[in-house]
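Encoded as structure tokens, the structure appears first; notes follow it.
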Amino acid sequence: MKNPLTRDYPLPTPEDEAFASDTFAPLCHERMDDSVVARWRGAIVNALAITPAARYGPARKVAMSSAAVVAPLMAVSAVGALTGQDELAAPIDLMGDLANSMGTLVNDATPVASPVANASTTPTASGTPDPSSTASATSTATGTATAIPSGTAVAGAGAAAVAPHENGLGCDDILFANGHMQGGPVGCEVGNSADHRQNGWKNATATATATATPSPSATATASATAVSPHENGKGCDDVIFANGHMPGGPVGCDVGNSGDHRQNGVKNATPTASATGTPAVTTSSTGSTNPGQGKNNGGNGNSKKP
Amino acid sequence: MAILPAARTAVSLPAREEDEVTRLKRREHAAWTAVFEREHPLVFRAVLAQVGDRTVAEDITGQVFLEAIEGIGRYRDRGRPIAAWLLAIARHRAHDWFRRRRREQGVAIEPSTEGPETALDVALEALSALTPEQREVVVLRFVEGYSLDETAGLTGRSTGAVKALQHRALARLRAVLGEDATWSYR
């Protein structure tokens, strides 16, 4: 039974349709100007060139997480080796395996396959102490510590950042070096130096990681205590956009150890531990490490944009 | 029997490749270019009918495609033509433009007191007397030449709703055009 409330509207009469068609006939031939069409065509091409991955950056979070998580752990590992606390080695190994499974080298001193790094890397013999690496390690670990076995710390940080380059999702994608593709007007510099390369690989002149002779007044415990925030989700993802830098926002983003808070929670860490002894911490990195690399990964507060 | 201009009697929904949406979601340049070239006249005329301003319509039309590129990942293929989705975006953007313009002017938009100068002006003036929904149906039916069913598919309405909108629109047009003696274009 037909619903009495509904109304069946009649189709327009031929006269009505002819009237409407004639009235709106001029609209039938309206088209956009060719110049406007060409302009929008170009805009579409540009819009297609910006991939969602580049826009929202999942890869960069992963890469930053892996590098920044592993770097301080390497410092902890060094402290563990230095002080003979074997219990530290287990979690470090675990994290190392995890990072390796993510395609990140962790302190295993395997020759790096990164095309970027290899381009300017000259392996040197291992076992040669490198004074400059000591300075880098200091920065990496705590920013104030001077006793972290420099070779180990630098090797860990540097190697950790290399692997993401291999599949094209590494630092180049992270840094948005040329023009900051996320939409914001400000370039986003991640890591520690230069206009790209989070770990200073840009102009890397490699030195092999050497045997280090740490000074006994280490404050590396600060780094060690700072590791746990990563484990409960307070790691790098929280840090990256910490101070209002949303993707596309106008604010630059410093990742690593600068800014108001620290990925490792060690900003205001007071050195509490001291390393004793003079262990010879030797790494066997063969040509992938860099004196300048990793100095901002996992440490405390001293690096800003270059 | 419907009487339509000869140039528009053959108009029908474009045949859509089955994997077009897939290609669009893959952001294939060729697919998006094809959609833009095929659909932008339709979108432009629909927007022009809504806003009545050529420059604004051109801007909104381009923005529709950019927004489509950005939102293609959320697009659900329900078997409707891609043009229906683009028209929906265009409808929203035109609505946004009206709201923004009202806010900026602080008052409701008054129709121009000047008489239309060209046949296009007459058509746009006539459309301005209709509601946005009626405009959309009228454009698809009498400008683009789509059937009732096709118009229903493109607007996401039932055929009965399209008939009702069309009926009221034509009644309104007859009343408006009959009242204004200067609108001699008939």
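Throughout, protein chains are lettered first and strands after them, A, B, ... in sequence-line order, and every chain is numbered starting at 1. Remember, it's a predicted structure, so these values are computed and weren't measured experimentally.
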Original post:
Salt bridge or not for Glu58(B) and Arg39(A), using N-O below 4.0 Å?
Top reply: no

**OP:** Start with the C-alpha distance between Arg174(B) and Phe19(A), add both sets of side-chain angles, then the distance that settles side chain to side chain contact (heavy atoms under 4.5 Å, CB included), and finish with yes or no.
**Re:** CA-CA 9 Å; Arg174(B) 275 194 298 270; Phe19(A) 158 69; 4.2 Å; yes

Residue pair [X] / [Y]: nearest heavy atoms and the distance that separates them:
X: Val143(B); Y: Cys28(A); result: O-SG, 3.4 Å
X: Val37(A); Y: Phe36(B); result: CG1-CE2, 3.7 Å
X: Leu66(B); Y: Ala47(A); result: CD2-CB, 3.9 Å

Can you tell me which portion of [X] sits under 4.5 Å from chain A's heavy atoms? Options are side chain, backbone, both or neither.
X: Thr61(B); answer: side chain
X: Leu120(B); answer: both
X: Gln63(B); answer: both

**OP:** With the side chain counted from C-beta on, respond yes when Thr23(A) and Leu177(B) share a heavy-atom pair under 4.5 Å apart, and no when they do not.
**Re:** yes

**OP:** Starting from the C-alpha separation in whole Å, work towards a yes-or-no answer on side chain to side chain contact (heavy atoms under 4.5 Å, CB included) for Ile44(A) and Ile69(B).
**Re:** CA-CA 8 Å; Ile44(A) 288 172; Ile69(B) 290 172; 3.5 Å; yes

[X] side, atom [atom1]; [Y] side, atom [atom2] - distance, nearest 0.5 Å:
X: Arg26(B); Y: Leu48(A); atom1: CZ; atom2: CG; value: 13.5 Å
X: Phe142(B); Y: Leu27(A); atom1: CZ; atom2: CG; value: 13.5 Å
X: Glu144(B); Y: Phe24(A); atom1: CD; atom2: CZ; value: 12.5 Å

**OP:** Please look at Asn46(A) and chain B and tell me whether the side chain, the backbone, both or neither of the residue comes under 4.5 angstrom of a heavy atom of that chain.
**Re:** neither

**OP:** Find the one option among Leu148(B), Val139(B), Leu127(B) whose heavy-atom pairs under 4.5 Å with chain A are most numerous.
**Re:** Leu127(B)

Subject >> Donor-acceptor contact below 3.5 Å, side chain Arg54(B) vs main chain Arg31(A) >> reply: yes

